[in-house]
2 protein chains.
Amino acid sequence: MHETTPAALTPAHRELLDQVLDKWSLQVLESLCERPQRFNELRRSVPAVTQKSLTATLRRLERNGMVERNLLSSRPVAVEYRVSALGSTLQDLVDALLAWSTSVLPDVETARAAFDGTGPDTASLSR
Amino acid sequence: MHETTPAALTPAHRELLDQVLDKWSLQVLESLCERPQRFNELRRSVPAVTQKSLTATLRRLERNGMVERNLLSSRPVAVEYRVSALGSTLQDLVDALLAWSTSVLPDVETARAAFDGTGPDTASLSR
DNA sequence: CGGGATCCAGTCGGATACTG
DNA sequence: CAGTATCCGACTGGATCCCG
């Protein structure tokens, strides 16, 4: 059922995953999956993001068909962002990623501690 | 509402995913999943990677317990890298990611074309 | 309110050279 | 062979100003 290598990891695949699974995209998508939001609303939902990064992230996600941008009003300008049908297919992935990271996190932290302790006897090599 | 979300996307989760799902890690892991390899062997398996990036990637993966580094010989120095048990749990994830990207890639490219065409109609940006 | 333009510091990644 | 060290250009991301 599952071959060891069903398909090669082509540059096109890598590019797509990079554009969609990057630092802010996951959080933006996660937030938008809960409910459609406007720009500044979204900005508050993702605390650490700056306007520039948020704009870039939204543009990228929009370009890849993951989110839709709807102009609600023209007066004080209201823009609503929502996940598209295509974008909603990502929820399962994000969920799987989250579940995996949760399950292995303890082991990972153990490994990190072991690595940080085993390698640099001279210490001081933390991030 | 959805209890399908076991936990929020904490910084710790994001950090782990970032260290493991980045540009080179996926390809290195994919290659190492097929068979254990030595440094330069691995370097040939992932054509575009530089030694610096490969070293950094391997160190990071090793630190997170995803790969194991084994010293085989001491004379001309032979080092073997192989995926750990923890790292092998990633195969399913990578597989899911790959399957997803494959399935949506056509739609994504359509969306991209639409986006690139819809926006700047005032300028033919063909370079 | 939403977002484009700009400046700027910090980081990343590539190329090269050198070592055990 | 398997790295480490270094220089450096490119890209990133933050802060700020401004416009519709």
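As rounded to whole Å, 17 Å separates atom C1' of dG3(D) from atom CG of Asn70(B). Leu58(A) places its CG atom 11 Å from the C1' atom of dG3(C), with the value rounded to the nearest Å. Atom CG in Asp22(B) sits about 7 Å away from atom P in dG13(C), given to the nearest Å. Atom P of nucleotide dT4(D) and atom NZ of Lys52(B) are separated by 12 Å, given to the nearest angstrom. Protein atom CD of Gln27(B) is 12 Å distant from nucleotide atom P of dG13(C), rounded to whole Å. One interatomic measurement links the two molecules: CZ of Phe39(B) to C1' of dC1(D), which rounds to 10 Å at whole-angstrom precision. Atom CG in Leu54(A) sits roughly 17 Å away from atom P in dT12(D) (whole-Å rounding). Spacing between atom CD of Glu80(B) and atom C1' of dC1(D) amounts to 15 Å, rounded to whole angstrom units.
Between dG3(D), dC1(D), dT6(D), one nucleotide has an atom nearer to the side chain of Val77(B) than all others, and that is dC1(D). Comparing dG3(C), dC1(D), dG3(D) by their closest approach to the side chain of Arg59(A) singles out dG3(C). When distances are taken from the side chain of Gln51(A) to each of dG2(C), dA2(D), dG4(C), the shortest belongs to dG4(C). For Lys23(B), whose side chain is taken as the heavy atoms from C-beta onward, the closest listed nucleotide among dT4(D), dG14(C), dG13(D) is dG14(C).
We find that Arg59(A) and Glu62(A) are joined by a salt bridge, their nearest charged nitrogen and carboxylate oxygen being less than 4.0 Å apart. Classification of Arg14(A) and Asp18(A) as a salt-bridged pair holds, one side-chain N sitting under 4.0 Å from a carboxylate O.
Sequence order on DNA chain D of the closest nucleotides to Arg44(B) and Thr55(B) puts Arg44(B) first from the 5' end.
Side-chain N/O atoms of Arg43(A) include none lying less than 4.0 angstrom from OP1 or OP2 on dG3(C). In this structure, Tyr81(A) does not reach the dC1(C) phosphate: none of its side-chain N or O atoms is under 4.0 Å from OP1 or OP2. Distances shown here put every side-chain N or O of Arg38(A) at or beyond 4.0 Å from the OP1 or OP2 atom of dC1(C). Proximity of Arg75(B) to the phosphate of dG20(C): no side-chain N or O atom is located under 4.0 Å from OP1 or OP2. An OP1 or OP2 oxygen of dG3(C) is reached within less than 4.0 angstrom by a side-chain nitrogen or oxygen of Arg69(A). At the phosphate of dT12(D), neither OP1 nor OP2 sits under 4.0 Å from any side-chain N or O atom of Ser53(A).
Note on Leu72(A): it does not cluster hydrophobically with Leu32(A), by side-chain heavy-atom contacts below 4.5 Å among ILVMFWY residues.
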Subject >> side chain to side chain contact (heavy atoms under 4.5 Å, CB included) assessment of Leu21(A) paired with Leu97(A) >> reply: CA-CA 10 Å; Leu21(A) 294 182; Leu97(A) 255 46; 4.2 Å; yes

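With hydrogens and angles disregarded, no donor-acceptor distance shorter than 3.5 Å links the side chain of Ser101(A) to the backbone of Leu17(B).
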